[in-house]
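Structure, as structure tokens:
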2 protein chains.
Amino acid sequence: MFNEFHTTAEELIRHSGGRATAGRIGILAILLAEQQAITHREIEQRYPEALQLDRVTLYRALEWLAGKNLIHKVTSDDRVWRYHANRELHSHQHAHFKCTRCAQMICLSDLPIDQSWPLPIGYRFQEIELTVKGLCADCC
Amino acid sequence: MFNEFHTTAEELIRHSGGRATAGRIGILAILLAEQQAITHREIEQRYPEALQLDRVTLYRALEWLAGKNLIHKVTSDDRVWRYHANRELHSHQHAHFKCTRCAQMICLSDLPIDQSWPLPIGYRFQEIELTVKGLCADCC
DNA sequence: AAATAAACGCAACAATGTTGCAGTTATTGT
DNA sequence: ACAATAACTGCAACATTGTTGCGTTTATTT
Ligand SMILES: [Mn+2]
Ligand SMILES: [Mn+2]
Ligand SMILES: [Zn+2]
Ligand SMILES: [Zn+2]
């Protein structure tokens, strides 16, 4: 469980000025190793049983990592947050794809969408949230 | 509580080939009277206390109405479904706006977005879900 | 090694939605 | 108008996801 991702994770966390605890490092390492956005539950399953990690601690660590911009969380129609490591390659604003069959969720390319979406008078734009739904390659 | 919306609601329900129960009619009337998409809780509050309506029945009625395409439900980052009557004027695919301060949610115009979003090889497009976030006129 | 703020683990709670089942009711046919 | 019946309802119990309070532990600094 001590691979390249662990090392990177620890570096990133220390660089963010927070305590480098086993939980945070392990969690971020899991997210760095994953290409999809995964749920709290899925992170729990990937986390080695030997080292135990309370679910509340996991929730709090994810919140902390998101606050430090090391990960981002994605909303979904199944009422479950999914988390994904922030990579250089995708900007803050990007679309996501969700498979309607297996629920896998991946990040798509940056949003080529005009930031000034036509809103009613008096409304102020902040951000766009876009999810494309369909079938993934496995489920097609 | 017997206004124009009630009459319309009952007609729509009968036309859909389901039982015209007090609950369904009342619920649809509430949604027809509303311009925003509102939550289960908000519908409950608007429903006259005198006529009582169980929360489970409300959930089931909403599911039924959505299945009959008389209303649509919208996902949100607060893990709460919001419901809105289907009007002729907006197509099946349209964007929504959600105020990040008061959580009000309105329907925006039809999606001028290319239905063929660039997906990885082997992926199949089904639909797009787009929410613009910002401040509504009241909260600006 | 000691001091200390930060993080953790546990238990209890909250919010939203679902399921099973017995009882009720809207509709249909007579 | 009345009876038959499938559709609908109400209740209780449950499931899932996430949050809060608080006493204990730990990573970091001195
Ligand atoms: Mn992403
Ligand atoms: Mn809408
Ligand atoms: Zn899939
Ligand atoms: Zn607002």
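So you know, we letter chains A, B, ... as the sequences are listed, proteins then strands, and number each from 1.
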Within 6.0 angstrom of A:Gln35 CD, more than 12 heavy atoms from elsewhere = no
Residues two or more places apart in sequence or in another chain: which of them pass side-chain contact (heavy atoms from CB on, under 4.5 Å) with A:Thr57?
-> A:Leu53, A:Asp54
Short N-O contact, [X] and [Y], less than 4.0 angstrom:
| X | Y | answer |
| --- | --- | --- |
| A:Arg14 | A:Glu10 | yes |
| B:Arg55 | B:Glu44 | no |
| A:Lys98 | A:Asp77 | yes |
| A:Arg46 | A:Glu34 | yes |

Specify the separation, in whole Å, of atom [atom1] of [X] and atom [atom2] of [N].
| X | N | atom1 | atom2 | value |
| --- | --- | --- | --- | --- |
| A:Asp54 | C:dA6 | CG | P | 21 Å |
| B:Leu62 | C:dG17 | CG | P | 9 Å |
| A:Leu65 | C:dA7 | CG | C1' | 13 Å |
| A:Leu58 | C:dG9 | CG | C1' | 13 Å |
| B:Ile43 | C:dG17 | CD1 | C1' | 14 Å |

Walking along DNA chain D from 5' to 3', note the first and the last nucleotide with an atom under 4.0 Å from a heavy atom of chain A, and give both.
-> D:dT17 to D:dT28
Do A:His72 and A:His96 have their ring centres less than 6.0 Å from each other?
-> yes
Strictly under 6.0 Å, is that where the ring centroids of A:Tyr83 and A:His40 end up?
-> no
Axis-to-axis angle across the helix from C:dA1-D:dT30 to C:dT30-D:dA1, five pairs an end, to 10 degrees?
-> 30°
Side-chain donor-acceptor distances from residues 17-26 of chain B under 3.5 Å, at least two apart:
from    : atom 1 : to      : atom 2 : distance (Å)
B:Thr21 : OG1    : B:Arg24 : N      : 3.4
B:Arg24 : NH1    : B:Arg19 : O      : 3.0

Presence of A:Arg24 side-chain N/O under 4.0 Å of C:dA7 phosphate oxygens OP1/OP2 = yes
For B:Leu51 and B:Tyr47, the nearest pair of non-hydrogen atoms, with its separation, is O-CE2, 3.3 Å
Report whether A:Ile38 and A:Tyr59 are members of the same hydrophobic cluster (ILVMFWY, side-chain heavy atoms less than 4.5 Å apart, transitive linking).
-> no
Is there a donor in the side chain of A:Glu11 and an acceptor in the side chain of A:Thr8, or the other way round, less than 3.5 Å apart?
-> no
Looking only at side chains, do A:Thr100 and B:Gln126 share a donor and an acceptor under 3.5 Å apart?
-> yes
Looking across every strand, which nucleic acid part, if any, lies under 4.0 Å from B:Ala20 by heavy atom: base, sugar-phosphate, or nothing?
-> sugar-phosphate
Distances for protein N or O near nucleotides 28-30 of chain C N or O, under 3.5 Å:
none

Closest-nucleotide 5' rank along DNA chain C - winner of A:Gln52 and B:Thr21 | A:Gln52
I'd like a table of atom pairs between the protein and nucleotides 18-24 of chain C - only N or O on both sides, under 3.5 Å - with the distance next to each one.
from   : atom 1 : to      : atom 2 : distance (Å)
C:dG20 : O6     : B:Arg60 : NH2    : 3.2

With DNA chain D as reference, determine whether A:Ala22 or B:Ala22 sits nearer its 5' end, using the nearest nucleotide of each.
-> B:Ala22
Reported CG-to-CD1 distance for the pair B:Leu70 and B:Ile27, which is rounded to 0.5 angstrom | 12.0 Å
